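This structure is a prediction, so every number in the text was calculated from the model and none was measured. In what follows, every chain begins at residue 1, and chains take the letters A, B, ... in the order their sequences are listed.
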Amino acid sequence: MAVTETTITRKVVERASSGARTKDLLFRAALLLCLFVAVLFLGVLLVDVAIDGIPLITPEFITNFPSRLFAEESGIRPALIGTLYLMVLCAAFIVPIGVAAAIYLEEFADARRWWNRIIEVNIQNLASVPSVVYGILGLAFIVRGPIDIWGLGKGSPTLLAGALTLGLLVLPVVIIVSREAIRAVPPSIREGALALGATKWQTIWKMVLPGALAGIATGVILALSRAIGETAPLILVGAIAFRLTDPTIDGQFSALPIAIFQAAGEPRPEFQILAAGAIVVLLAVLLLMNSAAIYLRNRYEQKW
Amino acid sequence: MPKVRPALDAPERREGAQAAIFSLKDVQVAYGGVPAVENVTFELVKNEITAFIGPSGCGKSTLLRCLNRMNDLIPSASVSGQVLYHDQDLYAPDIDPVQVRKRIGMVFQKPNPFPKSIYENIAFGPRVLGMKGDMDEIVESALRKGALWDEVKDRLKTNAFGMSGGQQQRLCIARTMAVEPDVILMDEPCSALDPISTGAIEELMLELKRNYSIVIVTHNMQQAARVSDRTAFYNVDKLEEGKRVGKLVEFAPTEKIFTAPDDKRTEEYVTGKFG
């Protein structure tokens, strides 16, 4: 009897063959290697930039205007201010439009209607259109188009045009993340509010949006950090590297990626190195924004 | 024991506690053109608890949700027949569903407190309805009606998600009380709760029926027998091609349903032969 039982046990739970275990180990090693390659390149890049760039970061580097003559006096003041302006203007443009579009698509649009499905597919596609295409769009319709007609830019590229172009670029992303945040609010919360006699608008404004706020804010910050790192659209809408006064909304402007692009193309090595300094500043701004996004998500995300 | 009323009797002829609040005539609810429940005709009486019982898929929750137009939230749902609430057709074109839900509150199967403080959970309804009066008093009175005041009066500002399931459900009932409805619809309010919490809510319902009319959907026949005055038994009719439709089989005083039902299917269901 006892013998039979042992036999059965052995048959039911066979030991893993050594071949299977080797395969398992190999697979894990391959995965680790892939991770290592990705992290290694990022690490080399960061260390290289930090070695070149950090010694350049002085108060003068931040507050000086760029110079064509003396590399040691050259600074990134207009580029940094321009980037901060772009960020704020871009946010002011994309938050209301992006969130409103997301509310429409999630709360009002009837997904059975073909036009709503077309809008949805289009937004997904727009999110992956290359940024240089948005640059052309901005040049044709914003620099030379309505903004010029309004007389704000007097026919020349303006900071507002740059901000709107970057806004168009990241708007699909904002709509998509806002929709996800709105969808994460459970239907039972909407039902609860409606059953108390709240209108649809009150339900959205007082229950759905507060519940989705952390997700929307996180998404907006990540979208903005993509926007301020973009170079191609800004080149196309006419950002310039050498600007010797602070940028204004309706005037010409510079931005950090433009300053980096310009410095990296310099033939003189002492000017080339300035790119590393600008990169460090840009990365610092991006890291700050991403940390803010992580903090917001951890602190305010609603657990349902 | 009161006699079962003929369904078409005009409600205004009766007075006081016996007046009909709901009068349904040949109601059918369909999703995307496919009927989910049909042939429903009955009257609900003021200050009574009416229980809807029946096997899964018989349409009792669907029917409950058409009493305060919650089915409007499902775009494919359509209601035909007549749903009269105090002689007013709830599905007349000039009726605003928001106004309907103000008068006819609803408590759901799973407790669904808002992710806010206990106080704000109660205050939300009165605020959006623009109710006048001292909000602290409104909150206290609602929590007392929900038999919750003594348990939570010292932590009104804490998040409602920290309460137990039973407390959350009583909070949802109290929240409904705060907007002073006329009828409370309860969709299996105890199905997610333990027996002690269930007992507390049943006690609460018996207390509330003095001032409100209650309709409760329940899977629990003992619960229907314990709390309700009248019981509606729904059953599933299997049609050809595997289609199913819910039908109201019998609507009678609870005692009659559980002791001497007219219909054989009712008897089989309440004695546990199927369902």
Heavy-atom count check: over 12 atoms from other residues, nucleotides or ligands less than 6.0 Å from [X] [atom1]?
X: B:F161; atom1: CZ; value: yes
X: A:R112; atom1: CZ; value: yes
X: A:F108; atom1: CZ; value: yes

Less than 4.5 Å to any heavy atom of chain A: does that hold for the side chain of [X], its backbone, both, or neither?
X: B:K110; answer: neither
X: B:F114; answer: both
X: B:M70; answer: side chain
X: B:R69; answer: neither
X: B:L185; answer: neither

key: Options B:P75, B:A178, B:P115, B:P113, ranked by heavy-atom pairs under 4.5 Å with chain A, top entry   = B:P115
message = Taking 4.5 Å as the heavy-atom cut-off, does anything in residues 171-210 of chain A contact chain B, and if so which residues?
response = A:S188, A:I189, A:E191, A:G192, A:A193, A:L194, A:A195, A:L196, A:G197, A:A198, A:T199, A:Q202, A:K206, A:M207
message = Just to verify, what does A:I279 make a side-chain contact (heavy atoms from CB on, under 4.5 Å) with, not counting sequence neighbours?
response = A:V49, A:I260, A:L283
